[in-house]
Amino acid sequence: MVRRYPKIRIIQTHPGGGQNDCLTLLLDPGFQPYQRLELNRLGGVQYHFRRPNGSLTFKNWPDFWGEFLNAADPREPMRKLAAFAGLPPVAKLKPATNEVTVYRFIAGFMTHIAFNASFGKFFWNCENGYLDTSDGFGGVWESRFELFPEALDRLKTVKESDPFGVSAYRFWFLLLNDDPKICVETSGTAWDRHGIEHDFGKLARDDERIWPVISEVAGHLLP
């Protein structure tokens with residue numbers, strides 16, 4: 001979706017009193033809170049949109065994950081998801097940005113882990129740098145940032161593109177059994193626990209293959 005619509009920003013949210021775990025796609029360049037797609041990893045998809053007159057539009061797609069996982073071509077449910085949110089069709093993809101490369105890196109790494117991990121012994125997860133929850137216990141994952149001093153330093157800088165002016169939203173952690181192993185900044189940088197920094201802009205290839213990037217940044221973690 002971000003490859004098709006580069007202005008989209010992704011954050012992780014836990015609405016419903018913290019009961020849900022959503023990948024929330026902010027569709028509006030101004031990051032209006034009610035122009036979003038919530039891909040609930042524990043349920044379906046919800047679309048929220050505030051009209052100019054202040055009224056709210058809400059739509060629910062409860063069977064999204066079933067359709068996505070069973071699709072012969074995953075691009076088809078993505079096109080359907082874009083139409084569901086009122087986004088225009090995309091005839092040709094633009095060159096990948098650093099942010100797109102970061103999301104592809106995360107998706108590629110997690111997909112490989114899902115197919116090759118020893119179930120029951122190792123649990124990998126990817127979580128946002130900001131714990132966004134409606135149960136009142138949210139905030140910056142300071143204990144995780146402290147393991148990556150360079151990322152902690154970058155956290156001090158708020159960028160214009162940061163959702164709601166919160167810099168922690170642009171960071172993601174790859175965790176093994178809840179222990180952070182890699183910290184990734186969507187602007188195009190990753191760090192491991194040894195303090196080694198990786199620049200996605202330099203690692204990305206002209207043919208846009210993602211596996212050389214995954215191998216360079218996280219090859220030592222692959223099963």
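No experiment lies behind these values; they were computed from the predicted model shown. The figures that follow rest on heavy atoms only: side chains count, while hydrogens, waters and symmetry mates do not.
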So, taking the atom named [atom1] in [X] and the one named [atom2] in [Y], what distance separates them when rounded to the nearest 0.5 Å?
{"X": "Trp172", "Y": "Ile182", "atom1": "CH2", "atom2": "CD1", "answer": "16.0 Å"}
{"X": "Ile214", "Y": "Leu222", "atom1": "CD1", "atom2": "CG", "answer": "7.5 Å"}
{"X": "Arg75", "Y": "Asp73", "atom1": "CZ", "atom2": "CG", "answer": "4.0 Å"}
{"X": "Cys22", "Y": "Ile10", "atom1": "SG", "atom2": "CD1", "answer": "13.0 Å"}
{"X": "Phe49", "Y": "Leu37", "atom1": "CZ", "atom2": "CG", "answer": "12.0 Å"}
{"X": "Glu150", "Y": "Thr189", "atom1": "CD", "atom2": "OG1", "answer": "10.5 Å"}

What I'd like to find out is whether the side chain of [X] reaches to under 4.5 Å of the side chain of [Y], using heavy atoms alone.
{"X": "Phe200", "Y": "Val213", "answer": "yes"}
{"X": "Arg3", "Y": "Thr97", "answer": "no"}
{"X": "Thr133", "Y": "Thr13", "answer": "no"}
{"X": "Pro180", "Y": "Phe148", "answer": "yes"}
{"X": "Ile8", "Y": "Leu26", "answer": "no"}
{"X": "Glu127", "Y": "Leu175", "answer": "yes"}
{"X": "Met1", "Y": "Met78", "answer": "yes"}

Heavy-atom pair with the smallest gap, counting every atom of [X] and [Y]:
{"X": "Cys183", "Y": "Ala151", "value": "SG-CB, 3.7 Å"}
{"X": "Phe173", "Y": "Asn128", "value": "CD1-O, 4.3 Å"}
{"X": "Leu27", "Y": "Ala85", "value": "CD1-CB, 3.8 Å"}
{"X": "Tyr169", "Y": "Pro163", "value": "CD1-O, 3.4 Å"}
{"X": "Phe68", "Y": "Pro77", "value": "CD1-CG, 3.8 Å"}

Only counting residues at least two apart or in another chain, list the ones meeting side-chain hydrogen bond (donor to acceptor under 3.5 Å, both in side chains) with [X].
{"X": "Asn70", "result": "none"}
{"X": "Arg79", "result": "Glu76"}
{"X": "Glu197", "result": "Trp191"}
{"X": "Ser187", "result": "Glu185"}

Are [X] and [Y] in one and the same hydrophobic cluster, where Ile, Leu, Val, Met, Phe, Trp and Tyr link if side-chain heavy atoms are under 4.5 Å apart?
{"X": "Val45", "Y": "Leu42", "answer": "no"}
{"X": "Leu174", "Y": "Ile196", "answer": "no"}
{"X": "Phe137", "Y": "Tyr130", "answer": "no"}

Between [X] (side chain) and [Y] (backbone), is there a donor-acceptor pair under 3.5 Å?
{"X": "Asp199", "Y": "Gly201", "result": "yes"}
{"X": "Arg50", "Y": "Thr57", "result": "no"}
{"X": "Trp65", "Y": "Asn40", "result": "yes"}
{"X": "Asn98", "Y": "Thr101", "result": "no"}
{"X": "Ser167", "Y": "Leu155", "result": "yes"}

Look at the aromatic rings of [X] and [Y] and report parallel, tilted or perpendicular, splitting at 30° and 60°.
{"X": "Trp124", "Y": "Phe109", "result": "perpendicular"}
{"X": "His112", "Y": "Trp211", "result": "perpendicular"}
{"X": "Phe145", "Y": "Phe171", "result": "perpendicular"}

**Message:** Under 4.5 Å side-chain heavy-atom separation, chaining through any Ile, Leu, Val, Met, Phe, Trp or Tyr, what else clusters with Tyr34? Say none if it is isolated.
**Reply:** Leu56
**Request:** Can you run down the salt bridge (Lys or Arg N to Asp or Glu O under 4.0 Å) pairs that involve residues 94-103, sequence neighbours left out, and say none if there aren't any?
**Result:** Arg9-Glu99
**Item:** Summary of salt bridge (Lys or Arg N to Asp or Glu O under 4.0 Å) pairs that have at least one residue in residues 18-36, sequence neighbours excluded
**Value:** Asp21-Arg41, Arg36-Glu38
**Complete:** Applying salt bridge (charged side-chain N to carboxylate O under 4.0 Å, His left out) to Lys59 and not counting sequence neighbours gives none
**Message:** Going by salt bridge (charged side-chain N to carboxylate O under 4.0 Å, His left out), name the residues that satisfy it together with Asp162, two or more places apart in sequence or in a different chain.
**Reply:** Arg170
**From CA spacing to verdict: side-chain contact (heavy atoms from CB on, under 4.5 Å), Leu221, Leu176** = CA-CA 9 Å; Leu221 298 171; Leu176 173 59; 5.9 Å; no
Applying ring-ring contact (aromatic ring centres under 6.0 Å, His included), can you list everything that pairs with [X], at least two apart in sequence or on another chain?
{"X": "Trp61", "result": "Phe64, Phe84"}
{"X": "Tyr47", "result": "none"}
{"X": "Phe58", "result": "His48"}

**Request:** State plainly whether the residues Arg144 and Asp179 are in salt-bridge range, i.e. N to O under 4.0 Å.
**Result:** no
**Message:** How about CD on Glu142, more than 12 heavy atoms from neighbouring residues, nucleotides or ligands closer than 6.0 Å, or not?
**Reply:** no
**Prompt:** Between Gln12 and Thr24, does a side-chain contact (heavy atoms from CB on, under 4.5 Å) hold up when you go through it step by step?
**Reply:** CA-CA 6 Å; Gln12 184 180 10; Thr24 296; over 6 Å; no
